[in-house]
Amino acid sequence: MSRDHLKGSTAAPGPAHDADAPFLELLARGAAAEAYDRPVLLARAEGGSGERIAALEHAKLLALRVRSELEGRRRREAELSALFETAHDLAGPRDVDAVLQAIVQRARSLLGTDIAYLSLHDPARGDTYMRVTEGSVAARFQQLRLGMGEGLGGLVAQTARPYVTDDYFRDDRFRHTTTIDAGVRDEGLVAILGVPLMLGPHVIGVLFAADRRARVFEREQIALLGSFAALAAAAIDTANLLTETRSALAGLERANEIIRDRSAVIERASDVHDRLAELVLRGGGVHDVAAAVSQVLDGTVEFLESAPAAAVEASRAEGHAVRHNHDWIAAVAAGGELLGALVLRGHPGLDPVDQRTLERAAMVTSLLLLARRSAAEAEQRVRGELLDDLLEARDRDPRLLRERAARLHADLDATHVVLAARLEAVAPDADQEAAARRRLWSAASHLAATRHGLAAARDGGTVLLLPLEQGDTATELARRTALHLGTAVHEAVTVGASAPVRGLAADPDTVVAAYAEGRRCLDALRLLGRCGDGAAAEDFGFLGLLLAGERDVAGFVDRTIGRVVAYDARRGTDLLRTLDAYFASGMSPARTRDRLHVHVNTVAQRLERVGRLLGDDWQQPARALEIQLALRLHRLAAPVAR
């Protein structure tokens, strides 16, 4: 400190020092704010100098500022004292009614309202009823019951959020009822503030403060009433769950938890850091992070891939969590890519340290997502490389093939189907087409990983090797795959399937032939206009003989006329010969009769039996063509009579 300053501090009293004196006296006796204008007015009336009046004005402003600060401290001290007294009540041997009455009295006193009251939820009737009132004069008001959504209290109970109105009868945010409005009118209430009493996620009641004149409730007053509501909820919970001898102790523990939560924010931040580090080290997932942060912040935290766009963009641009209605949103991003968001539900007020905790959790979530993506991409590449080797038959050592497949949880000795998949939409340019193919490959790789199969990009599309479950068919698998991939990429995907194949490790050439068959089925589907569908060779009738890699003639004959062949063998009938004659006679029953030398009724009866075995559409052109081909193939395959 300079010598000049020291000299100034010891100098004789001047105008500035004289100006302070009357205001110090006013501060000492706690005078009202209006009294601070009197020294200035008196100096002007006495004709004081401009310098003195200016000094008095300056001193007045300083004194009023000190007075305001003192009043704020007194108010905060009173609020804290009331909270501690209420917490003390919870620890004492008082019943719950006495504690609730004390809470309502203190809330009314500290907020300076005409009336304060508390309502509780009645589970049996599904509404709320008045439990405690302070300052009420109307009997009808004291006996009110509020249904969910009725009146301001019903809205608070329904939404579990604080609500305030400065003019009850002009507020249309809640549903007015004749009974409730009459009670409020009897009491003469105008401005009402209500906060929920919460036990976990459940609303058990509402705490109110109200005035008989228009009034705006400040945020600090809403928070104070919320603190009283929390204490009231703790007292009720104690009375419901514990005996009278232990209820006071439980209430005190709850109150102490609230106090510790408010005074140990830094410790919570350190705790969440340790938890997140432990999660990362033990390989936890995104939802584990959300659960850990939920516990630390005493709320519900969720990871969402799709969250309110404006809030997410604001969070990413600012690099901080942002408030959205009653929630907080922290963008989960890596570089320029948005991966999702962490959303903290129902915490409109969040202190800076808890906000940074949410932001840190979002950063850890982005790292976990990137790590998971990298691992998934690496596994997809390995699966694709193994399938490429099977298709190109470069590695023919069965033992090595089985070992590589086992590391990917695939079994090459099981029955598989090879599926060729391709997008049907035509992209406007090469970049968009390449992006679409990457999406298809990614979706196919994910499907292969979940089904213990393999997938690779090939020939402008994707090839999959999927195991065939018992009772499943290649056709059903092809159709399910087309639907799954089409849904994943939001475009039509056509899938052609091979017949079931086995022994892939022992004979990798089998995969090559099966892929060629799947490609032929894929091309046939597109030529037939069945884009977006899935099928195997067995679905194309006699055309399937051309598509199938091994020309399964016996299978085609059995699928087409096998029931007729079996019926003849079992019953000793002559349905096959009748069918031959029927088609040879141009599908004329009369000419068939002449060819077989039987009565026309016999022909009709035999053809009716054929219809029951083959279905009503057996004479349609397409089916008739397949049946005639099957009849010829059956005759060719039959042993020659000696």
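Model, not experiment: these values are computed from the prediction. Just so you know, these numbers use all the heavy atoms, side chains as well, and skip hydrogens, waters and symmetry mates.
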Do [X] and [Y] have side chains that approach each other closer than 4.5 Å (heavy atoms only, starting at C-beta)?
| X | Y | value |
| --- | --- | --- |
| Thr450 | His446 | yes |
| Phe141 | Ile115 | yes |
| Asp181 | Phe169 | yes |
| Arg451 | His484 | no |
| Val156 | Pro162 | no |
| Ile180 | Glu150 | yes |
| Arg215 | Asp166 | no |

Kindly give the heavy-atom pair with the smallest separation between [X] and [Y], and that separation in Å.
| X | Y | result |
| --- | --- | --- |
| Ala160 | Val203 | CB-CG2, 3.4 Å |
| Leu485 | Leu447 | CD2-CD2, 4.4 Å |
| Leu197 | Val206 | CD1-C, 3.4 Å |
| Ser119 | Phe208 | OG-CE1, 3.6 Å |
| Val104 | Tyr117 | CG1-N, 3.9 Å |
| Ile103 | Leu231 | CD1-C, 3.9 Å |

Under a 4.0 Å threshold between the charged nitrogen and the carboxylate oxygen, would [Y] count as salt-bridged to [X]?
| X | Y | value |
| --- | --- | --- |
| Arg439 | Glu491 | yes |
| Arg140 | Glu187 | no |
| Asp122 | Arg145 | yes |

Using modelled atom types and a 3.5 Å cut-off, is there a donor and acceptor pairing between side-chain atoms of [X] and backbone atoms of [Y]?
| X | Y | result |
| --- | --- | --- |
| Gln105 | Ala102 | no |
| His176 | Asp171 | yes |
| Thr113 | Ser109 | no |
| Thr128 | Leu146 | yes |
| His121 | Asp127 | yes |
| Arg175 | Gly151 | no |
| Thr487 | Leu483 | yes |

With a sphere of 6.0 Å drawn around CZ of Arg173, does it hold more than 12 non-hydrogen atoms of other residues, nucleotides or ligands?
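Counting neighbours around CZ of Arg173, more than 12 heavy atoms of other residues, nucleotides or ligands fall under 6.0 Å, so yes.
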
Flag yes if more than 12 heavy atoms outside Arg345 fall under 6.0 Å of its CZ atom; otherwise flag no.
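More than 12 within 6.0 Å, yes.
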
Apply the test salt bridge (charged side-chain N to carboxylate O under 4.0 Å, His left out) to residues Glu134 and Arg106: give CA-CA distance (whole Å), side-chain angles for both, the deciding distance (0.1 Å), then the verdict.
CA-CA 10 Å; Glu134 177 68 21; Arg106 288 169 184 148; over 6 Å; no

Measuring from atom [atom1] of [X] to atom [atom2] of [Y], what distance do you get when rounded to the nearest 0.5 angstrom?
| X | Y | atom1 | atom2 | value |
| --- | --- | --- | --- | --- |
| His320 | Trp328 | NE2 | CH2 | 11.0 Å |
| Gln143 | Tyr129 | CD | OH | 14.5 Å |
| Arg161 | Asn325 | CZ | CG | 7.0 Å |
| Leu193 | Leu152 | CG | CG | 8.0 Å |
| Asp327 | Glu302 | CG | CD | 9.0 Å |
| Leu207 | Leu120 | CG | CG | 10.0 Å |

Report yes or no: do Gln142 and Ser136 form a side-chain donor-acceptor pair below 3.5 Å?
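Indeed, the side chains of Gln142 and Ser136 share at least one donor-acceptor pair under 3.5 Å.
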
Would Leu440 and Val493 count as a side chain to side chain contact (heavy atoms under 4.5 Å, CB included) if you check the C-alpha gap in whole Å, the side-chain angles of each, and the deciding distance to 0.1 Å?
CA-CA 9 Å; Leu440 176 61; Val493 177; 4.1 Å; yes

Evaluate the criterion side chain to side chain contact (heavy atoms under 4.5 Å, CB included) for residue pair Arg212 and Val137; output intermediate values, then yes/no.
CA-CA 12 Å; Arg212 297 186 175 92; Val137 296; 3.9 Å; yes

Ring pair (Phe, Tyr, Trp, His ring centres under 6.0 Å) with Phe217: which residues, sequence neighbours excluded?
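Ring pair (Phe, Tyr, Trp, His ring centres under 6.0 Å) list for Phe217, sorted by chain: empty.
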
